[in-house]
Amino acid sequence: MKFQAPRGTYDILPKEMNKWYYIEKIIKKYVKLFNYREIRLPIFEYKDLFQRSVGDDSDIVEKEMYVFEDKNERLFALRPEGTASVARSYIENSMISSKRDPKKIFYYGPMFRYSRPQKGRYRQFYQFGIEYIGDESAYADAEIITMGWKILQEAQVPDVSLEINSVGCKKCRKDYHKKLQEFLFARENKFCPNCQRRMKTNPLRVFDCKNYVCQEQLENAPQMLDNLCEDCEKHFDEVQENLKKLNVDYEINPRIVRGLDYYTRTAFEYKINYLGAQDALGGGGRYDGLIEYLGGKNTPAVGLSMGMERIILALEEAGVEFPQINTLDVFIIPMDKKYDDKAIEIMNKLHDSEISAQIADANTSMGSNFKFCDRNNVKFAIVIGENEIKSEEYAVKNISKHKQESVHLDKLTDYINSKIE
RNA sequence: GUGGGUGUAGUUCAGUGGUAGAGCACCGGAUUGUGGUUCCGGGCGUCGUGGGUUCAAAUCCCAUCACCCACCCCA
């Protein structure tokens, strides 16, 4: 029996980590700049939590959850997303918030969805997410949208388009639903079977159809944006004003809907067009009703989540070069077993000065050891041979510059420290 | 969940019924104290896995697993 990673999962190998560090560093920078604090949440929760928050007839709950029972017959699910857990924790830990003191939280970690894997789509995948809880003002929406935007910009993901929309509040969405369904049913037989099915279950989704004929039918369909109540319309205008102040480029796409039930008012997505079917790097929106719905006080909130794999794939696709991480400062090369003691002594000294160092195998040829340095981005090599032992002057070679100097044993650490940034 | 494609050395792939191959990578040597070039040498790998057809299967058939693409949906 040969073991392999379960379907839809994969290993992030040491040689790939630089890509992750690259993005994680940018994320850290922005959560700090905007004053978000990290929360670490369980990887599984009661199944009901997701069922209630994400929505009973969402695809996630219907067919994508990893559900299991524990020995006490309690039903759990591996988390398919992060917001539900944040909301649960917010309530459970009585994180009272107000406009003056909003709770600004971020999370990072694996999520699980049982869907058919393909490129940019896994059963275990990593999401980064931020939540701005306690402020109903449009500025909060704009801040969240801006952070995602800036992170993608700084990571240099090319050609990202930010699309925003408003899905209205409970009240105006209900009215609009009715209006849209009336419109759709009046032309039911002109739509594809898929759309005919959707107009009953989730009429908004009809807008997502890529069928040309359906799109034609939709040209005169009522738009949510034209049917917002006064408050929602004002809110949407203010979000846009704030985005302009923050220098964020966006476009309005009345078709951004989002798959989760809890969204109200603002919904948005960051999209690219060169990853095949996986065009969404991340998205989010406002979820004013969720916390109350889960048993907390009526609390406004807005958040976003981004897919790490998608961002990395986009960067790879675009040919962006990830910075290499230098893992080793000094490779100590003893030319014979009998110099191993000296090698250990030098390594210890270097470690004491926080210089990373590793000892080469004395039986391996010098050529091979230098090849190792090339391949592993080693900065310096120190050779230990008969001459060095006698004179206490060591050959220190700068690998990338192909140059070496003689340095006295006592000055090795100072010398290397002065050459390393 | 639906439809299609692929699965041979570390990797990219060739090989379509008759003794398993190539490029790159890797290791060693030429160069026994110095690396990105060159030259020489080095591969038995359950041909994804299990079963079947056949004198004979990497090759044909079935099943299964995984990956890829599209749909669905999203990250």
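The sequence lines fix the lettering, A, B, ..., with proteins before strands; numbering per chain opens at 1. Please read all numbers here as calculations on a predicted model, not as lab measurements.
Separating the C1' atom of B/rC73 from that of B/rC69 is a span of 16 Å, rounded to the nearest Å. B/rG41 and B/rG5 have their C1' atoms separated by 40 Å, with the value rounded to a whole Å. Straight-line distance between the C1' atoms of B/rU64 and B/rA70: roughly 23 Å, to the nearest whole Å. B/rU37 sits 8 Å from B/rA25 when the P atoms are compared, rounded to a whole Å.
Atom pair A/I256:CD1 and B/rC73:P shows a separation of 14 Å (rounding to whole Å applied). Rounded to whole Å, the distance from CD1 on A/I130 to C1' on B/rA75 is 15 Å. Taking atom CD1 on A/I311 and atom P on B/rC74, their separation rounds to 19 Å, with Å as the unit. The interatomic distance linking A/K119 (NZ) with B/rC67 (P) rounds to 13 Å, in whole Å. Atom OH in A/Y10 sits about 15 Å away from atom C1' in B/rC67, given to the nearest Å. Remark: C1' of B/rC73 and CD of A/E81 are 15 Å apart, rounded to the nearest angstrom. The CG-C1' distance, from A/D336 to B/rU34, rounds to 16 Å in whole Å. Rounded to an integer number of Å, the gap from A/R123 CZ to B/rC73 C1' is 14 Å.
If you check B/rG21 for Watson-Crick or wobble pairing at under 3.5 angstrom, you find it paired to B/rC13. Applying the Watson-Crick and G-U wobble criteria (two distances, each under 3.5 Å), B/rC60 pairs with B/rG52.
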Are there any protein N/O atoms within less than 3.5 Å of an N/O atom in nucleotides 37-41 of chain B, and if so, which ones and at what distance?
none

Considering only nitrogen or oxygen atoms on both sides, find all protein atoms under 3.5 Å from nucleotides 1-6 of chain B and state each distance.
unit_1, atom_1, unit_2, atom_2, d
B/rU2, O4, A/R116, NH1, 3.3
B/rG3, O6, A/R116, NH2, 3.2

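Screening residues 145-159 of chain A for salt bridge (Lys or Arg N to Asp or Glu O under 4.0 Å), with sequence neighbours left out, gives A/K29-A/E154. Applying the side chain to side chain donor-acceptor pair (under 3.5 Å) definition to pairs two or more places apart or across chains, those involving residues 107-116 of chain A are A/E24-A/Y108. The list of side chain to side chain donor-acceptor pair (under 3.5 Å) pairs with a residue in residues 178-191 of chain A, not counting sequence neighbours, reads A/K179-A/N227. Counting only residues at least two apart or in different chains, side chain to side chain donor-acceptor pair (under 3.5 Å) contacts with residues 332-347 of chain A comprise A/K337-A/D340, A/K342-A/E345.
Taking all atoms of both residues into account, the shortest heavy-atom contact from A/V378 to A/F372 is CG2-CE2, 4.2 Å.
Taking 4.0 Å as the cut-off between side-chain N and carboxylate O, A/R74 and A/D70 count as a salt-bridged pair.
Looking at residues two or more places apart in sequence or on another chain, you find no ring-ring contact (aromatic ring centres under 6.0 Å, His included) involving A/Y132. For A/F68, the ring-ring contact (aromatic ring centres under 6.0 Å, His included) partners at least two apart in sequence or on another chain are A/F44, A/F76. Under the side chain to side chain contact (heavy atoms under 4.5 Å, CB included) criterion, A/S365 pairs with A/S368, not counting sequence neighbours. Remark: A/E316 engages A/E16, A/K19, A/I312, A/L313, A/F322 in a side chain to side chain contact (heavy atoms under 4.5 Å, CB included) (not counting sequence neighbours). Shown here are the side chain to side chain contact (heavy atoms under 4.5 Å, CB included) partners of A/V67, two or more places apart in sequence or in another chain: A/K47, A/M65, A/L75, A/A77.
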Taking protein heavy atoms under 4.0 Å as touching, what does nucleotides 26-33 of chain B look like 5' to 3' if B marks base contact, S marks sugar-phosphate-only contact and - marks none? SSSS---B
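Ring geometry for A/Y263 versus A/Y287: interplanar angle over 60°, hence perpendicular rather than tilted (30 to 60°).
Within 4.0 Å of A/S400, counting heavy atoms only, lies at least one base atom of the nucleic acid. Within 4.0 Å of A/G283, counting heavy atoms only, lies no atom of the nucleic acid at all.
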